[in-house]
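First listed ligand is number 1; within each ligand, the first listed atom is number 1. As a basis for the values below, the full set of heavy atoms in this structure was taken, side chains included, without hydrogen atoms, waters or symmetry mates.
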Amino acid sequence: MTQAPDVAAFERLESEVRSYCRSFPTVFQKSSGHLLTDEQGRSYIDFFAGAGALNYGHNPWPLKQALLEYLVNDGVTHSLDMYTSAKRRFLERLEERVLAPRGLEYRVMFPGPTGTNAVESALKIARKVTGRTEVVSFTNGFHGMTLGSLSVTGNQGKRRGAHVPLPHATSLPFDGYLGDEVDTLDLFEGMLADRSSGLDKPAAVILETVQAEGGVNVASVEWLKRLERVCSEHDILTIVDDIQVGCGRTGPFFSFERAGLKPDLVPLSKSLSGYGTPMSVVLIRPDLDAWAPGEHNGTFRGHNLAFVTAAAALEHYWGDERLTRAVAAKGERVTERFAQILEAHPGLVTEQRGLGLIQGLVFADPKHAGEASRAAFERGLLIETAGSRDEVLKVLPPLTIDEDALDRGLDIVARSVEKVARSQRARVSRPPAEIHA
Ligand SMILES: *Cc1c(COP(=O)(O)O)cnc(C)c1O
């Protein structure tokens, strides 16, 4: 009999705001690759990957090696936004491995270490350069928890947490929101053309090409291209938030490469440092870089340990097409297994969605997605739910996971859904308890 996890200190001292620990109620101690190990010595396959912050797995060796070497040699850890060797190396690697090969030209802004910092900065600069105040966002979009980011986020529970109005943003239907037959951009384009639509011309639109927290909603290539065209015709800036689905999650480095977009502003964070070390940037079209020095600021913009691991990640994983191809192959495996699960449980699971290594199974009843996640945890797998009603079981493994571990994780997903289906059948066939008694 193993001991219960020792969570007393957390329950006594940590705020009620804690959340993921409620889905995964144990105390983790070690991690490596696709595995997390708790204090009881139990290992879990990680299909959550730090919500997309650990695309290269836990403690990837080439990054750890670079970090250890940097620490041993007394490299600068904190530097505000002063020039350091580590920052130069990151910038040069980004140019050489990511921007130049894709024909992209951007200035790099370091706005502070979290994703929401990058989103706030992108909104600020879009408003500054256009002189307009409004921003268009999309249903089910998620962009972070500070006020500006919340104003362009769909989720009502998160928005309510602001306890102030969230002005200067208009939410419009994302691709697919009104069913397969409707191109939701007819509405946006129509409203822009109509002088009585009540939609003020926005400074920018902000979107995820694959909505991650919002339930793994994939925008079609045609929709994305049309959105870019509409925006450019109306002189509206495009902000593609690639914080969760960038850095290879969908295959290519940027999620928008499949549609050939050239967004004006690109917030990046989560897996950019590659090691879980906090870091974010905004990529800014050079002619839009209208910041005055220090106009946006922050103490932790010079987190050099993150620059070191980010540069190492670009060197190690983005020198060729291997990772992109691996994501495509592993993504196909997930798609195939999901199709089998969908076929085996019609009625319980209604749809599969996704791209590359972000994929989801949609449950008819949201509570069954939660039950499947809990059943998976009991069987040694971390997997989260997403979507407006938490109805989507979302697979987000490290991109570097080996195929054997991927298959074992997918087996656990299948068995967990099977368990939910079994208890569902038992509930249906058994008369209600009160009648029974
Ligand atoms: C996680 C996330 C953010 C916010 O990043 P934080 O580091 O949590 O502030 C913003 N946009 C998207 C798409 C995200 O997934």
Side-chain angles (χ1 to χ4, degrees), residues 17-20 48-55 109-124 126 135 137-155 157-159 161-162 166 169 171 174-175 204-219 224 238-250 253-256 261 263 265-283 296 298-301 303 306 310 354-360 384-388 390 392 394-396 399:
V17 78
R18 64 194 192 276
S19 67
Y20 289 119
F48 176 48
L54 297 168
N55 282 6
M109 172 190 185
F110 297 90
T114 67
T116 198
N117 269 301
V119 170
E120 295 283 352
S121 308
L123 295 173
K124 274 191 191 177
V135 172
S137 59
F138 292 97
T139 49
N140 286 309
F142 177 80
H143 299 288
M145 299 297 285
T146 51
L147 293 184
S149 302
L150 276 179
S151 74
V152 290
T153 287
N155 186 289
K158 305 272 192 272
R159 292 174 65 86
L166 297 169
S171 181
F174 191 67
D175 191 19
V205 302
I206 182 165
L207 70 148
E208 300 154 90
T209 68
V210 179
Q211 295 183 323
E213 299 302 308
V216 193
N217 309 309
V218 182
L224 291 168
T238 51
I239 306 173
V240 175
D241 177 348
D242 237 5
I243 289 172
Q244 186 160 160
V245 294
C247 301
R249 179 52 60 187
T250 68
F253 187 85
F254 294 111
S255 75
F256 50 81
L261 304 188
L265 297 155
V266 184
L268 279 179
S269 183
K270 291 212 165 92
S271 276
L272 182 60
S273 80
Y275 204 77
T277 29
M279 172 174 181
S280 86
V281 301
V282 191
L283 303 181
H296 189 90
T299 306
F300 289 108
R301 287 169 302 143
H303 183 19
L355 192 65
L357 282 175
I358 175 166
Q359 298 200 36
E384 250 291 311
T385 57
S388 59
D390 284 327
V392 183
K394 179 173 117 178
V395 165
L396 207 71
L399 310 181

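For E208, there are no salt bridge (Lys or Arg N to Asp or Glu O under 4.0 Å) partners at least two apart in sequence or on another chain. Partners of S271 under the side chain to side chain donor-acceptor pair (under 3.5 Å) rule, at least two apart in sequence or in another chain, are N55. The salt bridge (Lys or Arg N to Asp or Glu O under 4.0 Å) check on K270 picks up nothing, with sequence neighbours excluded.
Protein residues having a heavy atom under 4.0 Å from any atom of ligand 1 are T114, G115, T116, F142, H143, G144, E208, D241, I243, Q244, K270, listed by chain and number.
The minimum heavy-atom distance linking P278 with H303 is given by the pair O-CD2, 3.1 Å.
The shortest distance between side-chain heavy atoms of V119 and I243 falls below 4.5 Å. Between H143 and I239 there is no side-chain heavy-atom pair separated by less than 4.5 Å.
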